[in-house]
Enquirer: 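Dumping the structure here so I can ask a few things about it.
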Amino acid sequence: MAGAPAGLPPGSVIGILGGGQLGRMIALAAARLGYRCHVYCPEEDAPAAEIATLATRADYGDEAALDAFAGAVDVVTLEFENVPAEAVMRIAETVPVRPDAKALAVAQDRVAEKNFLNAIGVATARFREVASAGDLRRAMADIGAPAILKTARLGYDGKGQRAVGPGDDPEAAWRQLGAGRAILEARVDFEREVSTIVARGRDGSTAAFDTAENAHENGILRTSRVPARIPSAVDGEARALAARIAGALDYVGVLTVEFFVAGDGALLANEIAPRVHNSGHWTLDACAASQFEQAVRAACGLPLADAARHSDAVMTNILGAEAGDWPRIAAEPGACLHLYGKADARPGRKMGHVTRLTPRGSETA
Ligand code: AMP
């Protein structure tokens, strides 16, 4: 059609770095639009590889495998942010990677991430970079208590972090964390945790989903609900901040921003994820186009879909042995059941999720 941006045609192959359930749901969305997927991950029995057309099982440091993968796909996206930057840069010599290595570098390092956010006017908890027990002692004096010490890299689902109280010995706390670099953050007395997922296309257009309210158990997401119980002005602010972050990174793809909401409605960004996110699974059932479809559209250069929501929703993760409950959930009227095809129901492992929809506006904000 005249004037419409030309994206990758159906039949093209999308490479996905990472083989988990997020990649699986990207591959399902890609299939709906006529694309094929090639999953690259080191793990056996990867939920994404199970349903993709092609799969490469290799380490992220395997240069020959990376080159073969890059040569076999039309564009690459990722479902896992800790893919080594070198691997992404190597692939990017052959084929576009969306989002790119620059966005990944910011999201992979909590110090770089918070410095970047503050530099573009997005507030975070107060923090100090820490690289030794002496640094930690000084940071504890600056930040005060209570505080949280987090490894700078490779932390997720609350791993690689510990609380630091006023009487704690910095030497012992530093030893116990066992990291080379870390960040000490003030503990935020938040009222709620929310996240906003924004897609940004190649043309710079953005589409943000409604902000979701998240509840965690043992550091793992348990439920996400929309609408979040926050004033609409706060939702608007969260979406604007997410779009600002994506713009500042010249980002192409889906980006998630997790925020703390203070009692007065002030937003502090906690973390950005350069990918689709567990807190956006509700979009599969409550929107015409999900976060996964937006990731595919952005990567392939298609116009973004409308991010409007037609229903209120509560998404609940199905963890570990709870997966045995699937017959009951499958029989529940209106429950949208998603299972990831994982055989081993280890405690806390994300086995699937269920989204329960109600008519839009039936949940009071
Ligand atoms: P993170 O790995 O940074 O996403 O942190 C995991 C969880 O720990 C968050 O979802 C919060 O519930 C809690 N948390 C992390 N940082 C802070 C903070 N600075 N203040 C209060 N709670 C925090």
Side-chain angles (χ1 to χ4, degrees), residues 20 22 79-82 104 106-118 122-130 136 139-166 168 173 176-179 181-197 211-226 228-230 238 241-242 245 255-282 315-317 319 348-350 353:
L22 299 176
E79 63 103 52
F80 169 66
E81 69 265 44
N82 289 318
L104 227 57
V106 170
Q108 282 178 347
D109 188 295
R110 291 187 193 271
V111 177
E113 180 178 64
K114 288 209 162 52
N115 281 329
F116 160 75
L117 290 169
N118 291 173
V122 179
T124 61
R126 287 182 302 116
F127 70 95
R128 291 285 180 276
E129 182 173 1
V130 174
L136 180 56
M140 285 167 69
D142 283 353
I143 297 291
I148 303 179
L149 183 63
K150 302 179 179 179
T151 56
R153 301 179 76 86
L154 295 176
Y156 68 97
D157 282 353
K159 296 191 176 75
Q161 41 183 283
R162 52 159 293 157
V164 177
D168 283 1
Q176 276 167 23
L177 191 72
R181 280 172 64 251
I183 190 167
L184 186 75
E185 273 180 38
R187 172 172 282 285
V188 176
D189 187 17
F190 57 80
E191 194 173 86
R192 302 184 194 287
E193 289 189 85
V194 301
S195 54
T196 306
I197 297 176
T211 299
E213 178 175 338
N214 302 323
H216 298 86
E217 278 171 21
N218 305 318
I220 300 172
L221 184 69
R222 170 52 83 173
T223 61
S224 292
R225 50 177 289 166
V226 279
R229 288 166 296 181
I230 53 175
L241 290 174
I245 293 166
L255 174 92
T256 305
V257 188
E258 295 181 52
F259 295 101
F260 300 129
V261 189
D264 64 358
L267 290 167
L268 294 179
N270 175 39
E271 207 164 48
I272 59 182
R275 53 168 172 79
V276 291
H277 196 262
N278 193 171
S279 65
H281 289 0
W282 60 270
M315 185 287 312
T316 304
N317 272 335
L319 303 174
R349 192 173 192 211
K350 292 172 181 169
H353 70 269

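Counting starts at 1 for both ligands and their atoms, in listed order.
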Enquirer: Any non-hydrogen atom of A147 lying under 4.0 Å from ligand 1?
Expert: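 Heavy atoms of A147 never come under 4.0 Å of ligand 1.
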
Enquirer: Show the atoms of ligand 1 that are less than 4.0 angstrom away from any heavy atom in H216.
Expert: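 Taking each heavy atom of H216 in turn, ligand 1 has 10 (O) under 4.0 Å.
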
Enquirer: At a 4.0 Å threshold, what atoms of ligand 1 neighbour a non-hydrogen atom of E193?
Expert: 9 (C), 10 (O), 11 (C), 12 (O)

Enquirer: Is the contact between V188 and ligand 1 made by the side chain, the backbone, both, or neither, using heavy atoms and a 4.0 Å cut-off?
Expert: both

Enquirer: Measure the spacing between CG of N214 and CZ of F259 and express it to the nearest 0.5 Å.
Expert: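 N214 atom CG to F259 atom CZ measures 11.5 Å (nearest 0.5 Å).
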
Enquirer: For ligand 1, find out whether one of its N or O atoms is nearer than 3.5 Å to an N or O atom of F190.
Expert: no

Enquirer: What class does the angle between the rings of H281 and H353 fall in, given that below 30° is parallel, 30 to 60° is tilted and above 60° is perpendicular?
Expert: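 It falls in the tilted class, 30° to 60°.
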
Enquirer: Any carboxylate oxygen within less than 4.0 angstrom of a Lys/Arg side-chain nitrogen, looking at R126 and D142?
Expert: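 So R126 does not pair with D142 through a salt bridge.
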
Enquirer: May I ask you to identify, for N270, whether its side chain, its backbone, both or neither come under 4.0 Å of ligand 1 on a heavy-atom basis?
Expert: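 It is the side chain that gets close, since no backbone atom is under 4.0 Å.
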
Enquirer: Relative to atom 15 (C) of ligand 1, which among R110, K150, E113, R187 owns the nearest non-hydrogen atom?
Expert: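 Selected option, by shortest heavy-atom distance: K150.
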
Enquirer: Is ligand 1 under 4.0 Å from a heavy atom in the side chain of E185, in the backbone, in both, or in neither?
Expert: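 Side chain only; the backbone of E185 stays clear of ligand 1.
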
Enquirer: Run the salt-bridge test on R192 and E213 with the 4.0 Å N-O cut-off and return the result as yes or no.
Expert: yes

Enquirer: Kindly say whether E81 contributes a backbone atom to a donor-acceptor pair with the side chain of Q108 at under 3.5 angstrom?
Expert: yes

Enquirer: Can we say K114 and E129 salt-bridge, meaning some charged N sits less than 4.0 Å from an Asp/Glu carboxylate O?
Expert: no

